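Note that the structure is a prediction, hence the values are computed from the model and not measured.
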Amino acid sequence: MASIASQVVLHPVTSQSMRVLSTTLGRDKVYRGVQYFARFFAWLLLSRGYKIQAARWDALKAHLALGRKLLRLGKFVENAQAALRAIAAPGETGERITTIGRQLGYFGYLLLDNIAWANTIKFYNLKPATAQKINKRVMQFWFTGILFSISHGLLKAGRLANEVKKLQGQTWSEKSAEAERDLKLHDLQAAREAVRYQFVIDLLDVWIPATGIGLVNLNDGVLGIFGIITSLMALRQQWFAAAGKK
């Protein structure tokens, strides 16, 4: 029995899991996945008349959402820094503008989210009407940030596709030059894959704030499924990052 326990505790997957959970981002993605599963499952139970059981999962969703706000305290500063770096950085104008817009959107989202958290825990009391306005602004900034992220993905995907096409159309007489081209193509394909991956996450996530601000009216079941998928996709990225893989 001790041998089995030892194998489980010392298994490489267990060690890798601990490396992921030792990071704030890793824990956040796990909590987010459970939060959106709870959102979906509460909706499912409620739709079938199980009100008491649904309330339990709804409470779990609410507390995980509040806990994740604590993990994001002060994170808006990172977005402000990223926006300033994007302003000074060289590159395609469209990609720079969308990067700045995305970072400013997330800056506003996270800053107001911190204020909403302080009000929720009664550290700073806001009038109900003011709190409601702030919560709506949180969703609006989140929605704006994702829209800019989607736009950035489209622009970057187009640029990378053109670069790949240009490289593939070139002919090389020397083997060393051809090897260099193949290496560049490999890097470009990897970059395109990363852009497509984030694009899928954004396309699913955008419906959550869009529903929050009333642009669409998707139920908690659909939003819960979208949140589970994007949480698992983001957790996969964090898993590979912790392992030193791309």
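With rounding to the nearest 0.5 angstrom, the CG atom of Leu73 is 10.0 Å from the NZ atom of Lys69. Once rounded to the nearest 0.5 Å, the distance linking CG of Asp113 with OG1 of Thr120 reads 8.5 Å. Rounding to the nearest 0.5 Å gives a distance of 11.5 Å between CG of Asp28 and CG of Leu21. Rounded to the nearest 0.5 angstrom, Ile97 CD1 and Ile87 CD1 are separated by 11.0 Å. Here the straight-line distance linking atom CZ of Arg19 with atom CH2 of Trp239 works out to 8.0 Å at 0.5 Å rounding. Atom CD of Gln103 is separated from atom CG of Leu110 by 10.0 Å, given to the nearest 0.5 angstrom.
Between Val164 and Gln189, the closest side-chain pair of non-hydrogen atoms falls below 4.5 Å. Put simply, the side chain of Gln237 reaches to within 4.5 Å of the side chain of Tyr197, judged on heavy atoms. No side-chain heavy atom of Val222 sits less than 4.5 Å from a side-chain heavy atom of Ile225. Tyr124 has its side chain out of reach of Asn119: every pair of non-hydrogen atoms, C-beta onward, lies at least 4.5 Å apart.
Remark: Arg102 pairs with no residue by the side chain to side chain donor-acceptor pair (under 3.5 Å) rule, at least two apart or across chains. Applying the side chain to side chain contact (heavy atoms under 4.5 Å, CB included) criterion to Gln81, with sequence neighbours excluded, gives Val77, Arg85. Among residues two or more places apart in sequence or in another chain, the salt bridge (charged side-chain N to carboxylate O under 4.0 Å, His left out) test is passed with Arg56 by none.
Results of the ring-ring contact (aromatic ring centres under 6.0 Å, His included) test with Trp142 over Tyr106, Phe107, Phe148, Tyr109 single out Tyr109 as the only residue that passes.
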Problem - Test side-chain contact (heavy atoms from CB on, under 4.5 Å) applied to Glu92 and Leu155, step by step - result: CA-CA 9 Å; Glu92 295 291 330; Leu155 291 172; over 6 Å; no

Practice task
Could you walk me through whether Arg192 and Arg196 pass the side-chain contact (heavy atoms from CB on, under 4.5 Å) test, one step at a time?
Solution key: CA-CA 6 Å; Arg192 293 179 72 187; Arg196 284 194 291 263; 3.9 Å; yes

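Connection of Ile150 to Leu104 is not established within any shared hydrophobic cluster, with ILVMFWY side chains joined at heavy-atom distances below 4.5 Å, either directly or through further cluster members. In the hydrophobic clustering of this structure, Leu64 groups with Leu223; members are Ile, Leu, Val, Met, Phe, Trp, Tyr whose side-chain heavy atoms approach within less than 4.5 Å, directly or through other members. Grouping the Ile, Leu, Val, Met, Phe, Trp and Tyr side chains by contacts below 4.5 angstrom, directly or via other members, places Leu112 with Leu147. In this structure, Phe40 is a member of the same hydrophobic cluster as Met233, with clusters built from ILVMFWY side-chain heavy atoms closer than 4.5 Å. Note: the hydrophobic cluster containing Tyr31 also contains Val34 (ILVMFWY, side chain heavy atoms under 4.5 Å, direct or indirect links).
Closest of all the heavy-atom pairs between Arg72 and Asn114 is O-ND2, 3.6 Å. The minimum heavy-atom distance between Gly227 and Ser231, with the atom names listed, is O-OG, 2.7 Å. When all heavy atoms of Leu235 and Gly26 are compared, the pair lying nearest together is CD1-O, 4.1 Å. Residues Ala38 and Leu60 share a closest heavy-atom pair of CB-CD2, 4.2 Å. Scanning all heavy atoms of the two residues, the minimum distance from Ala89 to Arg96 falls at O-NE, 2.8 Å.
Side-chain atoms of Gln238 never come within 3.5 Å of backbone atoms of Leu25 as a donor-acceptor pair (strictly under, hydrogens ignored). For the pair His152 (side chain) and Thr98 (backbone), a donor-acceptor distance under 3.5 Å is absent.
The existence of a salt bridge linking Glu163 and Arg159 is confirmed by a sub-4.0 Å separation between a basic side-chain nitrogen and an acidic carboxylate oxygen. A salt bridge does not link Asp187 to Lys184: none of the charged nitrogens lies less than 4.0 Å from a carboxylate oxygen.
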Show me, pair by pair, the donor-acceptor contacts under 3.5 angstrom made by side chains of residues 198-218, not counting sequence neighbours?
| unit_1 | atom_1 | unit_2 | atom_2 | d |
| --- | --- | --- | --- | --- |
| Gln198 | NE2 | Asp202 | OD1 | 3.0 |
| Asp202 | OD2 | Ser149 | OG | 2.6 |
| Asp205 | OD1 | Arg32 | NH2 | 3.0 |
| Asp205 | OD1 | Thr230 | OG1 | 2.9 |
| Trp207 | NE1 | Leu203 | O | 3.0 |
| Thr211 | OG1 | Trp207 | O | 2.8 |

Show which side-chain atoms of residues 42-54 pair as donor or acceptor with protein atoms under 3.5 Å away, not counting sequence neighbours.
| unit_1 | atom_1 | unit_2 | atom_2 | d |
| --- | --- | --- | --- | --- |
| Ser47 | OG | Trp43 | O | 3.3 |
| Ser47 | OG | Leu44 | O | 2.7 |

In residues 125-140, what donor-acceptor pairs under 3.5 Å come from side-chain atoms, sequence neighbours left out?
| unit_1 | atom_1 | unit_2 | atom_2 | d |
| --- | --- | --- | --- | --- |
| Asn135 | ND2 | Ala131 | O | 3.2 |
| Arg137 | NH1 | Gln140 | OE1 | 3.0 |

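The ring of Trp57 has its center closer than 6.0 angstrom to the ring center of Phe37.
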